[in-house]
Structures are given as C-alpha cells and as structure tokens.
Amino acid sequence: MVCIDMDIRRATLEDAKAACGVIRRSIADLCEPDHRGDPTTIDRWLSNKTPENVATWIGAAGNIVLVAIDDGEVLGVAAMTSIGHITLNYVSPEHRFRGVSKALLTRLEGEAVKLGLSELSLQSTKTARRLYRAAGFVEEPDAARPDDICMVKLLGDSP
C-alpha cells in the first residue's frame, strides 16, 4: 500500500458532485464481486447516487460525511450517522490500495469516540469485507438480513 498525502475533512455542499462521482465510479469499477457486472444490479445500486442526494446526505443533521482530498481532488468519501452506523466508504478507482479508505475509516472512528459511542456498525460489500476485518470489525449475522454482511466494532478494540 502506498500512502498518499491527503487531507481528510468534513464534506461541504460544494463537494457533492465530486463525491458522487467517486461513489459511482467506485461502485461500477471496484465492486464487481458484488454486482458481477450485471447492468440491472449496477443501475439499481447507483439509482440514488446522484449529486442532489449526496448533497442531502452532507447537509443532513445527524450525518458525518468526510472527504479525502489531495491537490483539490476528492479521492474518497465516507459517512456515518450520529449513532455510529457507517453508510459510505468509497475510494476513486485510481487511488485504491493507497490508504484512502483506511484513513477515512480511522477518522470516522475518531468522530464516533468524540460522540461518546461505544461501537460502530456497517453493512459491508464483499469487496470491502477484508478492509473492515483488518480494521477490527467482526461479522454479526442478522436473522432479518441473512444475505447481508453485517459487521460491528467495539471502539477501543484494536485490529
């Protein structure tokens, strides 16, 4: 992994279009193990990934949306709710395996600690499962969603 020089900060409404582009390209180009290249599945997955929706997520009370920036370019985007549910963690395809997703995840954990949360939860893709396991998340099967990869991490645990 080659780490790059980046700044991680709270996303602004002005970041919505670029962040949306990162999310869409990450899903289409990197999440093949999940959508298997099926156009219908990809279209369904991308259907709510619009600049307008991303702006709504950025502006919503109770959401923490972060962007990783280098030289004015959005490299990655991650988000969580104020109760510690991670809803996004995407990296631009050309910056994969350079520490962007891990850095965003580390920053989300720090935000969760500031909020006094004791754990984080998420629903992982097959593509990201290894990243989350390496960061100390464990799978916690959910009887209501047996096909989903539900994961949790108790804060203060180390991978």
Output yes when a side-chain donor or acceptor of [X] lies under 3.5 Å from a complementary backbone atom of [Y], and no otherwise.
X      : Y     : answer
Arg24  : Lys49 : yes
Arg107 : Ile8  : yes
Asn63  : Trp57 : yes
Ser26  : Ile23 : no
Asn53  : Asn48 : yes

Do [X] and [Y] come close enough that some side-chain heavy atom pair is under 4.5 Å?
X      : Y      : answer
Lys153 : Glu140 : no
Leu66  : Arg10  : yes
Leu117 : Val113 : no
His95  : Met6   : no
Leu120 : Phe137 : yes
Leu122 : Ile149 : no
Glu14  : Thr12  : yes
Leu155 : Ser118 : no

At their closest point, which heavy atom of [X] faces which heavy atom of [Y], and how far apart are they?
X      : Y      : answer
Val77  : Val67  : CG2-CG1, 4.2 Å
Ala68  : Val100 : CB-CG1, 3.8 Å
Arg129 : Glu139 : NE-OE2, 2.9 Å
Tyr90  : Val22  : O-CG1, 4.0 Å
Val54  : Ala19  : CG1-CB, 4.1 Å
Ala79  : Val65  : CB-CG2, 3.9 Å

Q: Evaluate salt bridge (Lys or Arg N to Asp or Glu O under 4.0 Å) for Arg9 paired with Asp15, printing each intermediate quantity in order.
A: CA-CA 11 Å; Arg9 62 166 171 77; Asp15 296 318; 2.7 Å; yes
Cluster check [X], [Y]: I/L/V/M/F/W/Y, side chain < 4.5 angstrom:
X      : Y      : value
Ile64  : Val152 : no
Ile83  : Met151 : no
Val138 : Leu105 : no

Q: Tell me yes or no: between the side chains of Asp43 and Thr40, is some donor less than 3.5 Å from an acceptor?
A: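 Their side chains do not contain a donor-acceptor pair, so the 3.5 Å distance test is not met.
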[atom1]-[atom2] distance between [X] and [Y], expressed to the nearest 0.5 angstrom:
X      : Y      : atom1 : atom2 : value
Tyr132 : Asn89  : OH    : CG    : 4.0 Å
Ser92  : Asp70  : OG    : CG    : 10.0 Å
Ile27  : Thr41  : CD1   : OG1   : 12.0 Å
Arg130 : Ser124 : CZ    : OG    : 11.5 Å
Ser101 : Leu88  : OG    : CG    : 11.0 Å

**Q.** Full working for side-chain contact (heavy atoms from CB on, under 4.5 Å) between Ile69 and Val74
**A.** CA-CA 5 Å; Ile69 306 285; Val74 175; 3.5 Å; yes
Q: Give a yes or no on this: more than 12 heavy atoms of other residues, nucleotides or ligands lie within 6.0 Å of atom CG of Leu115.
A: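 Counting neighbours around CG of Leu115, more than 12 heavy atoms of other residues, nucleotides or ligands fall under 6.0 Å, so yes.
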(Q) Less than 4.0 angstrom from a charged side-chain N to a carboxylate O is my criterion; do Lys17 and Glu52 meet it? (A)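 Looking at Lys17 and Glu52, the cut-off is not met.
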